[in-house]
Chemist: 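One structure coming up, written as structure tokens, with questions to follow.
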2 protein chains.
Amino acid sequence: MGITKTEHFTDKQNELATLAKAIGHPARIAIIEYLIKVNSCICGDIVNELPLAQPTISQHLKELKNAGLIKGNFEGNAICYCLDEKGFEKIKLFFNHVDSYLENKKNQCC
Amino acid sequence: MGITKTEHFTDKQNELATLAKAIGHPARIAIIEYLIKVNSCICGDIVNELPLAQPTISQHLKELKNAGLIKGNFEGNAICYCLDEKGFEKIKLFFNHVDSYLENKKNQCC
DNA sequence: TATTTATATTGCAATATTACGATATGTTTT
DNA sequence: AAAACATATCGTAATATTGCAATATAAATA
């Protein structure tokens with residue numbers, strides 16, 4: 001149905017899914033990588049960098065911001081975007097959990 | 001258009017997006033967490049654990065498997081599933097990259 | 001205040017995802 | 001071989017996502 005049964009899962013599971021989903025698009029990966037490279041920039045810079053129209057970039061930025069992966073400050077008439085540690089910190093905890101499991105239990109099954 | 005312009009992005013960006021997208025659903029987060037808890041199990045166990053129908057679980061397992069996040073071995077007439085380090089290793093590299101950036105550059109902008 | 005510059009929003013078309021009933025496939029057991 | 005068990009696939013309905021043209025909004029500057 002295209003609709004996810006979020007009510008059947010925990011808040012944490014839903015939050016993690018939202019974060020991962022926000023990262024799950026190549027344009028948004030490219031935006032994150034670009035922000036790491038230039039530290040911070042305005043929306044127009046990303047529009048020039050990526051082969052997507054301005055409204056599309058704006059939409060991707062909105063999703064990254066809603067997920068807590070980037071933040072933006074008004075700077076004159078433009079908005080300066082950069083990474084937001086908060087979102088990445090939350091995902092990091094999940095992957096730390098997975099990694100510590102994988103390091104201890106090596107090829108138990110499969 | 002619902003269609004992602006993968007051709008405009010690098011293979012690495014597309015692969016990372018595929019991995020993150022596979023994790024980006026609460027049911028698949030729940031499956032990963034359950035596999036960490038029980039180490040390995042068959043599909044039917046997950047069907048009993050989660051409030052989703054068997055075909056839906058089967059579909060989610062397929063996506064996790066295609067992304068390289070889980071693997072399955074035939075064991076009798078059932079299939080034993082467990083986490084696959086390969087997929088997680090690839091995502092880990094990306095997050096390590098992000099984290100080392102975030103640790104060095106604290107609140108440069110925003 | 002009119003113009004320019006920068007970004008967001010709206011509306012829409014095309015495609016993707018989610019979910020499940022019904023059914024198919026394959027393996028084990030009787 | 002038939003029945004039981006385990007999982008995958010098919011078909012379909014409902015909803016979500018992606019992308020962009022057109023347009024709106026908002027700030028800076030002339």
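Residue numbering restarts at 1 for every chain, and letters A, B, ... go by the order of the sequence lines. As the structure is a prediction and not an experimental result, all values here were calculated from the model.
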Chemist: I need the minimum non-hydrogen distance between Q54(B) and V47(B), along with the two atoms involved.
Modeler: CA-CG2, 3.9 Å
Chemist: Whole Å only: how far is the CD1 atom of I42(A) from the P atom of dA8(C)?
Modeler: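 Spelled out: CD1 on I42(A) to P on dA8(C) is 11 Å.
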Chemist: Quick one: is dT17(C) close enough that its OP1 or OP2 comes under 4.0 Å of any side-chain N or O from K21(A)?
Modeler: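 Result: no.
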Chemist: More than 12 non-hydrogen atoms from neighbouring residues, nucleotides or ligands closer than 6.0 Å to CG on N48(A), yes or no?
Modeler: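 It does: N48(A) CG has more than 12 such atoms within range.
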Chemist: Examine distances only and state if a side-chain atom of Q13(A) and a backbone atom of T10(A) form a donor-acceptor pair shorter than 3.5 Å.
Modeler: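 Checked: pair present.
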Chemist: Looking at every strand, decide which applies to I57(A) at a 4.0 Å heavy-atom threshold: base, sugar-phosphate, or nothing.
Modeler: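 Counting heavy atoms under 4.0 Å across all strands, no contact is made by I57(A).
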Chemist: Closest-nucleotide mapping onto DNA chain C: is L52(B) or G44(A) further toward the 5' terminus? I mean the 5' end.
Modeler: G44(A)
Chemist: Where do K65(B) and G72(B) come nearest, in terms of heavy atoms and distance?
Modeler: CD-N, 4.5 Å
Chemist: Contact class for L61(B) vs. all strands (heavy atom < 4.0 Å): base, sugar-phosphate, or nothing?
Modeler: nothing
Chemist: Using whole Å, what does the distance between atom P of nucleotide dA19(C) and atom CZ of R28(B) come to?
Modeler: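 R28(B) atom CZ is separated from dA19(C) atom P by 8 Å.
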Chemist: Between N39(A) and Y101(B), do the side chains contain a donor N or O and an acceptor N or O under 3.5 Å apart?
Modeler: yes
Chemist: From C-beta outward on A78(B), which listed nucleotide comes closest to its side chain: dA6(C), dT7(D), dC20(C)?
Modeler: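 Looking only at heavy atoms from C-beta outward on A78(B), the closest nucleotide is dT7(D).
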Chemist: For a quick check, tell me whether the side chain of Q59(A) and the base of dA8(C) share a donor-acceptor pair closer than 3.5 Å.
Modeler: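 Such a pair does not exist between side chain and base.
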Chemist: In whole angstroms, how far is the P atom of dA8(C) from the CD1 atom of I46(A)?
Modeler: 10 Å
Chemist: By nearest nucleotide on DNA chain D, pick out whichever of G76(A) and P55(A) is the more 5' one.
Modeler: P55(A)
Chemist: Give me the atom names and distance for the closest heavy-atom approach of T18(B) to A67(B).
Modeler: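 Reported closest heavy-atom pair: O-CB, 4.4 Å.
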Chemist: May I ask you to say what T4(A) touches in the nucleic acid, namely base, sugar-phosphate or nothing, with a heavy-atom cut-off under 4.0 Å?
Modeler: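 If one applies the 4.0 Å heavy-atom cut-off, T4(A) turns out to touch the sugar-phosphate alone, with no base involved.
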Chemist: Taking atom C1' of dC20(D) as reference, at what distance in whole Å does atom NZ of K5(B) sit?
Modeler: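 Going from K5(B) (NZ) to dC20(D) (C1'), I get 8 Å.
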Chemist: Between F74(A) (CZ) and dT7(C) (C1'), how many Å, whole number?
Modeler: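 F74(A) atom CZ is separated from dT7(C) atom C1' by 9 Å.
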Chemist: At less than 4.0 Å, is any side-chain N or O atom of H60(A) found next to OP1 or OP2 of dG19(D)? Yes or no.
Modeler: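 For dG19(D), OP1/OP2 do have a side-chain N/O of H60(A) under 4.0 Å.
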Chemist: Taking only the side-chain nitrogens and oxygens of Y81(A), find out if one of them lies under 4.0 Å from OP1 or OP2 of dA8(C).
Modeler: yes
Chemist: Whole angstroms only, please: what is the CD-P distance between Q54(B) and dT25(C)?
Modeler: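 Spelled out: CD on Q54(B) to P on dT25(C) is 15 Å.
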Chemist: Are S58(B) and dT7(D) close enough that a side-chain N or O sits under 4.0 Å from OP1 or OP2?
Modeler: no
Chemist: Could you state the CD1-P distance from I70(A) to dA8(C), rounded to the nearest angstrom?
Modeler: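 These atoms are roughly 9 Å apart.
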Chemist: Want to settle it: does G24(B) or N77(B) sit nearer the 5' end of DNA chain C, counting the closest nucleotide to each?
Modeler: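 Checking each residue's closest nucleotide, the 5'-ward one belongs to G24(B).
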Chemist: In whole Å, I'd like the distance from the CD1 atom of I3(A) to the C1' atom of dC20(C).
Modeler: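 For the pair I3(A) CD1 and dC20(C) C1', the rounded distance is 14 Å.
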Chemist: Contact class for E63(A) vs. all strands (heavy atom < 4.0 Å): base, sugar-phosphate, or nothing?
Modeler: sugar-phosphate
